[in-house]
Amino acid sequence: MGGAVADVRSKEELDGVLGGGGSVVLHFWASWCEASKQMDQVFSHLSADFPSARFLRVEAEEQPEISECYSVSAVPFFVFCKDGKVVDKLEGANPPSLAEKISKVVGPKNRGEPGGGEDGAPPSEGPASNHPSDSLKNRLQQLVDSHPVFLFMKGTPDQPKCGFSRKVVDILKDEGVDFGSFDILTDNDVREGMKKFSNWPTFPQLFCKGSSSAAATLRSPYHGLLGVDSAAAAAASAVATTVVSESENPPQAATEEKSVETTSDASGALNSRLEELTNRSSVMLFMKGTQMNPEKVEFQSFDILSDNEVRQGLKLIGGSDIMLEMQRSGELKTTLTEKGVLPGEQTLEERLRDLVSSSPVMLFMKGSPDAPRCGFSSKVVSALREEGVDFGYFDILTDDEVRQGLKTFSNWPTFPQLYYKSDLIGGCDIVLELHKNGELRATLTE
Ligand SMILES: N[C@@H](CCC(=O)N[C@@H](CS)C(=O)NCC(=O)O)C(=O)O
Ligand code: FES
């Protein structure tokens, strides 16, 4: 019985299944890997397309013995077995390759009976490998172009016929995105044609273009084509962007306003005099005699005993009791830090700047060079090692603040990120391209 994905919980269990012969496809995944979550959905769709094969999922880090046995060095990772023997492997999130390799191992698609599982579609007529005809291509292009945001889905937005399609519709509605849609269950030519047209084997498929901000956000890291998880991620990042921009008050303006308020009681010449006095130093202590300075704050003082007018005119914010109380509770430090008098904790931006410049060649990656936790990171480490380039690294899986912060800092949404002398060189694709063209070493040493 195919059509469902099962979890493997031990090596014995897996050996048992493999011993039973037939075609078996294994998906090694990790909970922290977005790409393996996305591929998990593709995997379960494909399991419905190839019911004669067994589809098994292995949580790579929970099953080290199995992972080692199949030399799984990164996720997502797929192993294809026929009659107990490994016949092929695939590393990375590549839905078209996964579909192709499965059909090579299992034989042409033999979708199960209609109505089986989540995908209640009529059986496909032609094999998916037939290229769409020119007139079909035109039709598909017209559909894609008909709205700035267009969704190929199962069912309609009001009546989705698949949980994945429903999820994307919900996200788009939540975000207030207007979109056109096409129910691929009503037209098998479009359904099969779209898989080739977009080189993406499953539905829903979301296309975005045009310049509306929602569409632009949705589009940016995903090149106009999204599976369900990418859409969720993009929508989440759109929300995050809004929150960030709303919280950006210029702190300077707030401080200035306050200092104006505190002097607004005094009038005329006295006002200017007090203003001049209070502005003499960023911290100005009006006091009797001298005091110790436990917070080590630079300040000037004015002896109020020497000038009655100043003494009366100043409506002091706090005397010594208040100051001491503020010091005891830590509020004094906070207030002075907020006013920029005491050096504050390092801001995230400063921290990122320091990290980026901590080594001339600096790699932000998932995992460490000796134990990369993502195929993209692993490839960049190999390229750098092959070129004999020394590099520093930071494992972004250990620090979510750095992980998320760096995306904004560098305006680059993914990892790995490679920097040379604080400039972003790029991610995996760019580094591998430079490596292939023999330009990587020069780029990192010039
Ligand atoms: N095409 C990219 C591939 C890298 C990529 O897609 N990275 C993803 C998955 S590892 C990522 O970093 N996503 C954001 C995150 O995990 O925070 C490159 O050239 O570097
Ligand atoms: S592809 Fe999953 S962590 Fe990189």
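Whatever order the structure lists ligands and atoms in, that order sets their numbers, starting from 1.
- At a 4.0 Å cut-off, at least one heavy atom of P413 sits close enough to ligand 1 to count as contact.
- In summary, the side chains of D145 and Q141 do present a donor paired with an acceptor at a separation below 3.5 Å, with no hydrogens or angles considered.
- Listed by first and then second residue, the side chain to side chain donor-acceptor pair (under 3.5 Å) pairs involving residues 374-385 are D370-R385 (not counting sequence neighbours).
- Distances from ligand 1 to the non-hydrogen atoms of A35 include no value under 4.0 Å.
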Discussion item. Assess the residue pair W29 and E62 against the criterion (side-chain hydrogen bond (donor to acceptor under 3.5 Å, both in side chains)); give the C-alpha distance rounded to whole Å, side-chain angles, the decisive distance to 0.1 Å, and a yes or no.
Written reply: CA-CA 10 Å; W29 64 282; E62 298 292 311; over 6 Å; no
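- Under a cut-off of 6.0 angstrom, the local environment of CG in N138 is crowded, with over 12 non-hydrogen atoms contributed by other residues, nucleotides or ligands.
- Proximity of a side-chain donor or acceptor of D183 to a complementary backbone N or O of T156 within less than 3.5 Å is not detected.
- The proximity of C428 to ligand 1, defined as any non-hydrogen pair under 4.0 Å, involves the side chain as well as the backbone.
- In summary, E401 and R351 engage in a salt bridge, as defined by a charged side-chain N under 4.0 Å from a carboxylate O.
- Residue contacts with ligand 1 include K407, since one or more of its heavy atoms lies under 4.0 Å from the ligand.
- Panel detail: atom 4 (Fe) of ligand 2 has protein N, O or S atoms under 2.8 Å away, 1 in number.
- For a threshold of 3.5 Å applied to N or O pairs, the pair formed by K366 and ligand 1 contains at least one separation below that value.
- Here the shortest heavy-atom distance to atom 15 (C) of ligand 1, taken over E34, E433, R403, belongs to R403.
- Using a 4.0 Å cut-off between heavy atoms, F415 contacts ligand 1 through both its backbone and its side chain.
- Heavy atoms from other residues, nucleotides or ligands lying under 6.0 Å from CD of E349 number 12 at most.
- Remark: D178 CG is loosely packed, at most 12 non-hydrogen atoms of other residues, nucleotides or ligands lying under 6.0 Å away.
- Checking L418, T414, L406 against atom 11 (C) of ligand 1, the nearest heavy atom belongs to T414.
- For the pair F55/V24, no side-chain contact is recorded, criterion being any heavy-atom separation below 4.5 Å from C-beta on.
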